[in-house]
Amino acid sequence: MNRKDLLGIEDLSKEEIEEILKVAKSMEEILERPIKIAPTLRGITVANLFFEPSTRTLNSFTLAEKRLSADSINLVSSSSSVLKGETLLDTAKNIQAMEVDIIVIRHSIPGAPHFLAERLDASVINAGDGAHEHPTQALSDLMTIRKKFSKIKDLKVAIVGDIEHSRVARSLIIGLNKMGAKVFVCGPPTLIPKWMDIFDVTIKYNLEEILPDKDILYILRVQKERQEESLLPSMREYIKYYSLTYERLRKFASSKVIIMHPGPINRGIEIESRVADSEYSLILDQVISGVAVRMSILYLLSRKKIDENSN
Ligand code: CP
């Protein structure tokens, strides 16, 4: 991989995805050591700019940076001068002026990372931009899938829930398509976007029809915060038709099925606790892969600079 920024799965070739996953596997070896630290990114400075809440992405980037000995700073919107009227670009330029090499950004506006990437010398990593893309989540999921099944090609993956507002779904569908998996999406018609037919996916509206013979059920949260109008009659109705309950799982899905979810999960809404905590669930494995994948991306984007510094 020889690029300045990581903005979306859409931009990545299959070979680049393979390289990120390969390097992530070697990063996992660092995470399994008693002392989980390597000097790989010594001298590299990373700023994590988060203008939307995050538990998994912010903390896994922060840990990935620490594990590779980078210097890092975190700026969250509630404590930034954006609240005093500073523009996003001015904020980012000021951060860059502090000799920052990589800016990791989460923002509610689609394209915000691309906007910065065009205007900054620092590398930019998209940590989620509105309902557009969440590439590091998709790469973590691809790593988790590969670890479980030793392959991605030809697996049958059903993504269930609020596809319309999900950057995770968009990045994952693109990634799974590139890696040769068979992708299905399922949800209420109001939460399946009209642009879905640009991807190689099969659309179903009935959960019980999509459950049989899938290798993976990837469940999504209903993103009420991104809905400008009510797209569902009620949450009670959503739960009735689309919640993955243990009873539905056992009745309709394969006994070998795997459950995934990017988090945060809303227990009792899109997924029953008994399913989220079951032996079928890889939800916490996705989080573990997240640290290794983010270490891999930070290293691959800095590789040129590391090589220049060592010469
Ligand atoms: N999956 C994900 O992006 O989680 P966070 O919002 O907690 O980062």
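Salt-bridge formation is detected for the pair Glu52/Arg167: a Lys NZ or Arg NE/NH1/NH2 atom is positioned less than 4.0 Å from an Asp or Glu carboxylate oxygen. Residues Glu28 and Arg146 are not paired through a salt bridge, judged by the lack of any N-O separation under 4.0 Å between the basic side chain and the carboxylate. A salt bridge is defined here as a Lys NZ or Arg NE, NH1 or NH2 lying under 4.0 Å from an Asp or Glu carboxylate O, and Asp277 with Arg267 meets this definition. With respect to the salt-bridge test (charged N to carboxylate O, under 4.0 angstrom), the residues Arg170 and Glu10 qualify.
In summary, the side chains of Ser171 and Glu133 do present a donor paired with an acceptor at a separation below 3.5 Å, with no hydrogens or angles considered. For the residue pair His134 and Arg106, a side-chain donor N or O sits within less than 3.5 Å of a side-chain acceptor on the partner.
Here the side chain of Thr245 pairs a donor or acceptor atom with the backbone of Arg248 at under 3.5 angstrom. Side-chain N or O atoms of Arg67 include none that pairs as donor or acceptor with a backbone N or O of Met27 at under 3.5 Å. One N or O on the side chain of Ser123 and one on the backbone of Lys4 form a donor-acceptor pair closer than 3.5 Å. In terms of modelled atom types and a separation under 3.5 Å, the side chain of Lys66 and the main chain of Ala64 share no donor-acceptor contact.
Using a 4.5 Å heavy-atom cutoff, the side chains of Ile145 and Met260 are in contact. With contacts defined as side-chain heavy-atom distances shorter than 4.5 Å, the pair Asp101/Leu301 does not qualify.
Every pair passing side-chain hydrogen bond (donor to acceptor under 3.5 Å, both in side chains) that includes a residue from residues 78-95 is listed here, sequence neighbours excluded: Glu86-Thr91, Thr87-Asp90. For the side-chain hydrogen bond (donor to acceptor under 3.5 Å, both in side chains) condition, the pairs that include at least one residue of residues 278-293, sequence neighbours left out, are Asp141-Gln286, Thr144-Ser289, Arg250-Tyr280. Residue pairs meeting the side-chain hydrogen bond (donor to acceptor under 3.5 Å, both in side chains) criterion with at least one member in residues 182-207, sequence neighbours excluded: Asp154-Lys182.
No chain of hydrophobic side-chain contacts below 4.5 Å, direct or via other Ile, Leu, Val, Met, Phe, Trp or Tyr residues, connects Phe50 to Val82.
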Determine, stepwise, if the pair Ile306 / Leu41 fulfils side chain to side chain contact (heavy atoms under 4.5 Å, CB included). CA-CA 7 Å; Ile306 295 168; Leu41 294 187; 3.6 Å; yes
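The shortest non-hydrogen separation linking Ile95 to Val100 is O-CG2, 3.3 Å.
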